[in-house]
There are 2 protein chains.
Amino acid sequence: MKLASSRDRAPGRPVSRQVLADHVYEELLAWLMDGRLEPGAAVSIDGTARELDVSPTPVREALARLEHTGMVRRVALKGYRVAPVFTREDFAELMEARLAIEPVNARLACSRITPEGLADLRGAVKDLETAPRGPSFMEFRDYLEADERFHKLIAEQSGNQFMLAAYTALGGQVQRFRLFGGVGITDAEQAIAEHQAVLEALASGDPEQAAAAMADHVHKVRARAIADAPAD
Amino acid sequence: MKLASSRDRAPGRPVSRQVLADHVYEELLAWLMDGRLEPGAAVSIDGTARELDVSPTPVREALARLEHTGMVRRVALKGYRVAPVFTREDFAELMEARLAIEPVNARLACSRITPEGLADLRGAVKDLETAPRGPSFMEFRDYLEADERFHKLIAEQSGNQFMLAAYTALGGQVQRFRLFGGVGITDAEQAIAEHQAVLEALASGDPEQAAAAMADHVHKVRARAIADAPAD
DNA sequence: CATAGACAAATCCTATAGGAATGGTCCTTG
DNA sequence: CAAGGACCATTCCTATAGGATTTGTCTATG
């Protein structure tokens, strides 16, 4: 694979305000979300550099950033590995944390939401409805992306940079939730209905109702996942 | 300044499982917390490398990690700068986020706290009582360190890795709170009493009481800071 | 005097090279 | 056959060098 370097761009074109490390970061993130990098797999710095046809330096910088998201772990002098699969306990902890953070985001967002913000949320829900939901990951990738986007939009529109940071600290982990047991999407209809309920609560302008709708959604996601999860 | 390199260690000594980038990270963090790097100041990669007598490569990796904590910001092709000072709005947002997260941490920690954990917390409160509280930053550095340690211990003992991650996402920012207006420590007696109240609630074993004590503490910190803050 | 352009220094960004550590394999030895 | 040590390939880690970009200054011009 060959990433676009800032060196070989046409002289007249506007300067790409992105450096190679940013491209590498995005590419690795895509690999992680695509499942191309499986949990526990080693991520070689030199190997990735060869794969992407760049030098190890930007790869090293990109991995240093990824480490802080929890998607990869680093052991000094041994390299980076993709974070291991979720256990049942990990999942329970994640849902506990989401319950603490996301309803607050919904409440804050409700009192300052703009028509544009509502439109974005509606778009995310619409994408959720129309996204294909096949059995393999590539087939419900768009579904998960729309789901993640919905929740992130609410965090952004809370207007609180720290709540967004707190959500983001979970957000990278939320992606890994798909690995929990490897179950597919079996609850799409119910999840979509819950998202619509959150959306309507936000549109209604009642902060407490928005918080309650979000809490209800997270509660039900947890309950369904526990029911679906394979036994240990 | 000369950092200890893995190269010039005695052959017999146990291997230092830390690489240069880790030392640079710790050193930069100390600079930030010491106030040696002021908000808005540029952090030159090459300059820092010369200062620490290392090559720019580990400095680059350390800064990439620091960026994710919010302590420094990066602009492509322009370098890193220390994050700007807190505004009144930033502070209000931070307290809002702490109110969402820290009482939950206290509640979770309460139901699973160990005697060792309680002892650690008692130690932090004791350090808080005995720390000097002079007007300049160096003189109340230990006080702030003990304060931060108390809250971080509770986050750790929540037993929830994601709540800890969420708190940490704020934690780096909490340090910057000291820059808010540059006011010194004027509320030590009250703050210590509130910490003791949280400690006693945790020791009592009543999760809701622990959450309430923590919420009360954060509320009062906010109220006092707003009262102390200089006018815009 | 104000403004635009050119030059120079500092800095960032990437590539390359080599030392150092790790992990696995093979061989030797009890 | 099992256990321990040596060797080698792979990979990480750091230093160095040079191209690319930004920024400040200086000069010339309207």
Side-chain angles (χ1 to χ4, degrees), chain A residues 1-28 31 37 40-68 72-83, chain B residues 1-28 31 37 40-67 72-82:
Chain A
M1 184 175 302
K2 181 74 157 57
L3 291 182
S5 165
S6 63
R7 190 186 309 165
D8 49 23
R9 86 190 138 71
R13 274 216 314 239
V15 176
S16 152
R17 292 264 168 196
Q18 233 182 351
V19 292
L20 229 42
D22 295 327
H23 288 289
V24 175
Y25 182 90
E26 297 294 335
E27 192 66 30
L28 282 174
W31 288 7
L37 285 176
V43 184
S44 158
I45 295 176
D46 290 348
T48 305
R50 283 192 299 272
E51 185 98 5
L52 264 45
D53 200 46
V54 297
S55 79
T57 309
V59 175
R60 176 174 296 279
E61 187 173 336
L63 282 170
R65 291 187 218 163
L66 268 178
E67 188 194 3
H68 242 284
V72 300
R73 295 191 195 290
R74 162 179 168 276
V75 178
L77 304 181
K78 288 192 56 180
Y80 290 88
R81 304 190 82 81
V82 180
Chain B
M1 183 175 303
K2 181 75 158 55
L3 291 180
S5 165
S6 63
R7 191 187 309 165
D8 48 24
R9 84 189 141 72
R13 273 211 317 231
V15 177
S16 152
R17 294 261 167 198
Q18 235 181 349
V19 292
L20 228 43
D22 296 327
H23 288 289
V24 174
Y25 182 90
E26 297 292 335
E27 193 65 31
L28 283 173
W31 287 6
L37 286 176
V43 184
S44 156
I45 293 176
D46 290 347
T48 305
R50 283 192 299 272
E51 185 97 6
L52 264 45
D53 200 46
V54 297
S55 78
T57 310
V59 175
R60 177 173 295 277
E61 186 173 337
L63 282 170
R65 291 186 217 164
L66 269 178
E67 188 194 3
V72 301
R73 295 192 196 288
R74 161 179 169 276
V75 179
L77 304 182
K78 288 191 56 178
Y80 289 89
R81 302 190 84 80
V82 180

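All values below come from the heavy atoms of this structure, side chains included, with hydrogens, waters and symmetry mates left out. Numbers restart at 1 for each chain; the letters A, B, ... are given by sequence-line order, proteins then strands. Treat the numbers as computed from the prediction; the structure is a model and nothing was measured.
If you take CG of L77(A) and P of dG23(C), they are 10 Å apart, rounded to a whole angstrom. One interatomic measurement links the two molecules: CG of D46(A) to P of dG18(C), which rounds to 15 Å at whole-angstrom precision. Taking atom CG of residue L63(A) and atom C1' of nucleotide dT11(D), one finds them 13 Å apart after rounding to whole Å. Between the C1' atom of dT14(D) and the CD1 atom of I45(A) lies a distance of 12 Å, rounded to the nearest Å. What separates OH of Y25(B) from P of dC13(D) is a distance of 17 Å, to the nearest Å. Distance, K78(A) NZ to dT22(C) P: 9 Å, rounded to whole Å. The distance between atom CZ of R81(A) and atom C1' of dT22(C), rounded to the nearest whole Å, is 12 Å. The CG atom of D53(A) sits 8 Å away from the P atom of dA15(C) (whole-angstrom rounding).
For R60(A), counting side-chain heavy atoms from C-beta on, the closest listed nucleotide (dC13(C), dT11(C), dT14(D)) is dT14(D). Across dT11(D), dT14(C), dA15(D), the shortest atom-to-atom separation from the side chain of V54(B) is found for dA15(D). Closest to the side chain of P58(A), from the set dC13(D), dT14(C), dC13(C), is dT14(C). Ranking dT14(C), dT11(C), dC13(C) by closeness to the L20(A) side chain, first place goes to dT14(C). Nearest to the side-chain atoms of S55(A) among the listed nucleotides dT11(D), dT22(D), dT16(C) stands dT16(C).
For R81(A), there are no side-chain hydrogen bond (donor to acceptor under 3.5 Å, both in side chains) partners two or more places apart in sequence or in a different chain. A search for side-chain hydrogen bond (donor to acceptor under 3.5 Å, both in side chains) contacts involving R65(A) returns D22(A), E61(A), not counting sequence neighbours.
A pairwise comparison of heavy atoms in V59(A) and I45(A) identifies CG1-O, 3.9 Å as the closest pair. H68(A) and Y25(B) make their closest contact through NE2-OH, 4.1 Å (heavy atoms, listed as atom of the first residue, atom of the second, distance).
T57(B) comes within 4.0 angstrom of a nucleotide base, judged by non-hydrogen atoms across all strands. Contacts of V59(B) with the nucleic acid, taken as non-hydrogen atoms under 4.0 Å apart, are absent.
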### Task
Before giving the answer on side chain to side chain contact (heavy atoms under 4.5 Å, CB included), spell out for D46(B) and R50(B) the whole-Å C-alpha distance, their side-chain angles and the decisive distance to 0.1 Å.
CA-CA 6 Å; D46(B) 290 347; R50(B) 283 192 299 272; 3.8 Å; yes
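Look at S44(B) and you won't find any side-chain N or O under 4.0 angstrom from OP1 or OP2 of dA10(C).
Nearest-nucleotide positions on DNA chain C place R74(B) closer to the 5' end than the other of P56(A) and R74(B).
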